[in-house]
S.K.: 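For reference, the structure I am asking about is given below.
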Amino acid sequence: MIEVREWHEWPSAEAEAVAVQERLRSEVRFDGFPAEVRTAAGLDVAYGADDDEVIAAVTVLDLAELSVVDRSVVRSRVEFPYVPGLFAFREAPPLLAALTGLEVEPDVLVCDGQGLAHPRRFGLACHLGVLTDLPSVGVGKTALGRYDPPGPERGDRAPLLLDDEPVGAALRTRRAVKPVFVSVGHRCTLDEACELVLRLTPHYRLPETTRTADRLGRAEARGT
DNA sequence: GCGACAG
DNA sequence: ATCTTGTCGC
């Protein structure tokens with residue numbers, strides 16, 4: 001079972017949230033994946049009819065078969081507004097609750113958002129990685145930072161730069177399709193993160209992990 | 001003042 | 001995130 005580290009009090013104001021990020025970011029580790037990486041979790045949040053209703057969904061996939069071996073959904077209410085740079089304070093609480101409901105502990109978390117590609121180098125993927133101490137990678141659909149277009153072939157990549165600093169990669173997962181934006185979350189290298197994302201994208205632009213979690217969340221958002 | 005701004 | 005039809009291409 002996944003142990004979620006105590007995060008003391010969740011911030012209620014933006015200044016507190018920034019302070020939490022600056023304190024926790026020193027705990028991100030960059031040593032590679034553990035030897036055995038057989039399963040990966042996809043995490044996603046869907047929004048319900050009520051303005052403050054959120055549905056956190058997690059699926060665990062077996063990497064060899066890309067089959068779903070476990071899942072968990074949690075409905076709750078948002079207690080933090082969406083603020084660029086503070087995204088994790090909105091989505092991490094429900095996602096951590098959903099992670100707690102898993103029976104199969106995944107070897108790595110694949111998050112729907114950024115990791116180090118963040119103004120303070122502590123995006124959602126870093127946050128979830130540090131609080132669970134599980135390896136994690138961030139996969140964003142839009143970039144936070146600038147990049148030169150990578151080559152057109154699947155697997156082509158270009159550095160993602162923020163403040164003229166490399167923070168991740170624009171990775172092409174499908175030929176001639178907009179790249180995804182991969183960055184390290186916790187306990188992995190950028191190469192490992194990109195390699196994992198390619199393993200998870202044999203057919204579509206987005207990883208199967210995020211796709212299955214997304215479907216699970218929307219199904220729950222509309223009843224059963 | 002103007003543009004940027006993960007989901 | 002979410003509200004939504006048709007359309008182009010493999």
Side-chain angles (χ1 to χ4, degrees), chain A residues 14 17-18 20-21 24-25 28 42-58 73-98 109-130 136-147 152-154 160-186 190 193 197 201-207 209-223:
Chain A
E14 296 188 13
V18 169
V20 169
Q21 290 180 327
L24 291 180
R25 78 178 154 190
V28 173
L43 299 83
D44 189 40
V45 172
Y47 289 78
D50 293 353
D51 201 19
D52 63 340
E53 182 182 22
V54 289
I55 298 92
V58 181
V73 202
V74 167
R75 310 183 73 111
S76 56
R77 309 249 159 213
V78 291
E79 74 299 351
F80 207 91
Y82 170 66
V83 179
L86 300 178
F87 182 49
F89 295 95
R90 181 177 178 79
E91 296 207 341
L95 288 172
L96 290 167
L109 307 179
V110 179
C111 307
D112 188 19
Q114 319 291 335
L116 293 178
H118 174 276
R120 287 170 293 281
R121 309 300 184 265
F122 198 72
L124 175 68
C126 300
H127 213 130
L128 292 172
V130 166
S136 70
V137 311
V139 182
K141 296 183 282 293
T142 62
L144 209 58
R146 36 187 306 298
Y147 63 99
E153 300 301 329
R154 164 176 157 85
L160 179 62
L161 305 172
L162 235 186
D163 309 316
D164 297 315
E165 215 175 285
V167 294
L171 176 68
R172 197 85 71 181
T173 56
R174 289 283 286 161
R175 180 176 209 290
V177 164
K178 177 180 178 176
V180 296
F181 305 93
V182 180
S183 56
V184 167
H186 186 52
L190 182 59
V197 170
T201 53
H203 306 308
Y204 300 97
R205 175 185 177 232
L206 297 178
T209 37
T210 36
R211 288 169 46 78
T212 53
D214 183 79
R215 275 179 293 170
L216 177 59
R218 337 193 113 182
E220 176 66 26
R222 319 172 310 211

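Here the structure is a predicted model, which means the values were calculated and not measured. In what follows, every chain begins at residue 1, and chains take the letters A, B, ... in the order their sequences are listed.
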S.K.: Contact class for A/G138 vs. all strands (heavy atom < 4.0 Å): base, sugar-phosphate, or nothing?
M.R.: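 Counting heavy atoms under 4.0 Å across all strands, no contact is made by A/G138.
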S.K.: Distance to the ring centre below 6.0 angstrom and angle to the axis at most 45 degrees; does that hold for A/R211 and A/Y204?
M.R.: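 Here A/R211 passes the 6.0 Å and 45° test against A/Y204.
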S.K.: Could you give the CD1-to-P distance, from A/I55 to C/dA1, as a whole number of Å?
M.R.: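 Spelled out: CD1 on A/I55 to P on C/dA1 is 14 Å.
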S.K.: Check the phosphate of B/dA4 against A/R146, side-chain N and O only, distance under 4.0 Å to OP1 or OP2. Yes or no?
M.R.: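 Checking B/dA4 against A/R146, no side-chain N or O comes under 4.0 Å of OP1 or OP2.
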S.K.: Name the closest nucleotide to the A/L144 side chain, picking from C/dT2, B/dC5, B/dG7.
M.R.: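 Of the candidates, B/dC5 comes closest.
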S.K.: In whole angstrom, what separates A/L43's CG from B/dG7's P?
M.R.: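 Result: 15 Å.
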S.K.: Checking A/R174 against A/T201 for the side-chain contact (heavy atoms from CB on, under 4.5 Å) test, could you report, in this order, the C-alpha distance in whole Å, the side-chain angles of both residues, the deciding distance, and whether it holds?
M.R.: CA-CA 8 Å; A/R174 289 283 286 161; A/T201 53; over 6 Å; no
S.K.: Without swapping roles, check the side chain of A/Q114 against the backbone of A/T142 for a donor-acceptor pair under 3.5 Å.
M.R.: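 Confirmed, A/Q114 side chain pairs with A/T142 backbone.
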S.K.: Classify A/R175 by what it touches in the nucleic acid, base, sugar-phosphate, or nothing, heavy-atom distance under 4.0 Å.
M.R.: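 No contact at all - A/R175 keeps every heavy atom at 4.0 Å or more from the nucleic acid.
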S.K.: If you take the centroid of each ring, where Trp contributes its six-membered ring, are A/F89 and A/H127 closer together than 6.0 Å?
M.R.: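 Yes, ring centres under 6.0 Å apart.
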S.K.: Would A/Y82 pass as stacked on B/dG7, i.e. its ring centre under 5.5 Å from the base's six-membered ring centre and planes under 30° apart?
M.R.: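 Base of B/dG7: stacked against A/Y82.
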S.K.: In whole angstrom, what separates A/Q114's CD from B/dG7's P?
M.R.: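 In whole Å, B/dG7 P lies 6 Å from A/Q114 CD.
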S.K.: Let me know the distance between NZ of A/K141 and C1' of C/dA1, rounded to the nearest Å.
M.R.: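 Distance, rounded to whole Å: 9 Å.
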